[in-house]
Amino acid sequence: LCDRLNVGPQAVHIVILPVRGLPDQPPVNLELHILPRPERTQALIKDLCTAIRDMVSAVTSRPTAVRCAMLDPVTYVALK
């Protein structure tokens with residue numbers, strides 16, 4: 001993730017939360033929120049999401065969905 005987005009590990013925050021979905025939805029869902037950069041093209045993000053989905057599906061042996069949202073750097077707020 002860090003290599004593909006060209007960021008250090010301090011820029012990545014991973015959280016695992018239990019959820020309940022509908023029976024026809026994948027039981028594993030990943031959501032990415034990424035600040036845009038010119039080099040983060042739709043194709044790069046799609047390839048990244050595909051790789052993450054395939055890796056997590058292989059590890060969990062469960063269907064996995066990945067969603068990615070590009071954050072608006074003007075309105076994004078993070079308090080730490």
Side-chain angles (χ1 to χ4, degrees):
L1 185 61
C2 293
D3 289 342
R4 290 203 184 189
L5 294 176
N6 197 26
V7 297
Q10 70 280 4
V12 177
H13 183 81
I14 298 174
V15 178
I16 300 172
L17 301 170
V19 295
R20 293 185 191 258
L22 298 173
D24 64 334
Q25 294 176 331
V28 179
N29 288 272
L30 286 97
E31 299 213 7
L32 303 170
H33 298 248
I34 300 172
L35 288 167
R37 287 190 183 166
E39 67 272 14
R40 294 180 184 161
T41 63
Q42 185 175 10
L44 182 135
I45 299 301
K46 188 174 181 180
D47 288 347
L48 174 65
C49 290
T50 300
I52 291 171
R53 183 197 62 203
D54 294 348
M55 186 183 335
V56 172
S57 289
V59 169
T60 62
S61 299
R62 308 290 289 170
T64 301
V66 177
R67 293 171 186 84
C68 182
M70 300 302 276
L71 299 171
D72 179 356
V74 175
T75 60
Y76 173 69
V77 176
L79 301 175
K80 299 179 182 180

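- In the hydrophobic cluster analysis, where Ile, Leu, Val, Met, Phe, Trp and Tyr join through side-chain heavy atoms closer than 4.5 angstrom, Leu1 is grouped apart from Leu71.
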Check against side chain to side chain contact (heavy atoms under 4.5 Å, CB included), Leu5 and Leu44: CA-CA 9 Å; Leu5 294 176; Leu44 182 135; 4.3 Å; yes
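- Contact detail for Pro63 and Ser57: the closest heavy-atom pair is C-OG, 4.2 Å.
- For Asn29, the side chain to side chain contact (heavy atoms under 4.5 Å, CB included) test picks out Ala65, Arg67, with sequence neighbours left out.
- In this view, Leu30 and Val28, Ile52, Val56, Thr64, Val66 satisfy the side chain to side chain contact (heavy atoms under 4.5 Å, CB included) rule, not counting sequence neighbours.
- Cluster membership check: Val12 does not share its hydrophobic cluster with Leu35, using side-chain heavy-atom separations under 4.5 Å among Ile, Leu, Val, Met, Phe, Trp and Tyr.
- The two atoms that bring Arg37 and Asn6 nearest to each other are NH1-O, 3.4 Å, heavy atoms only.
- Counting heavy atoms of neighbouring residues, nucleotides and ligands inside a 6.0 Å radius, atom CD of Gln42 does not exceed 12 of them.
- Contact record, Cys49 with Cys68: SG-CB, 3.7 Å, taken as the closest heavy-atom pair.
- In terms of heavy atoms, Arg4 sits closest to Asp47 at NH1-O, 3.5 Å.
- Every residue meeting the side chain to side chain contact (heavy atoms under 4.5 Å, CB included) condition with Leu17, not counting sequence neighbours, appears here in chain and number order: Val15.
- Counting non-hydrogen atoms of neighbouring residues, nucleotides and ligands closer than 6.0 angstrom, the CG atom of Asp3 reaches no more than 12 such neighbours.
- Leu48 and Met55 fall into different hydrophobic clusters, defined by Ile, Leu, Val, Met, Phe, Trp and Tyr side-chain heavy atoms under 4.5 Å apart, directly or through other members.
- By the criterion of side-chain heavy atoms lying less than 4.5 angstrom apart, applied directly or through intervening Ile, Leu, Val, Met, Phe, Trp or Tyr residues, Ile14 is not grouped with Val59; the two fall into different hydrophobic clusters.
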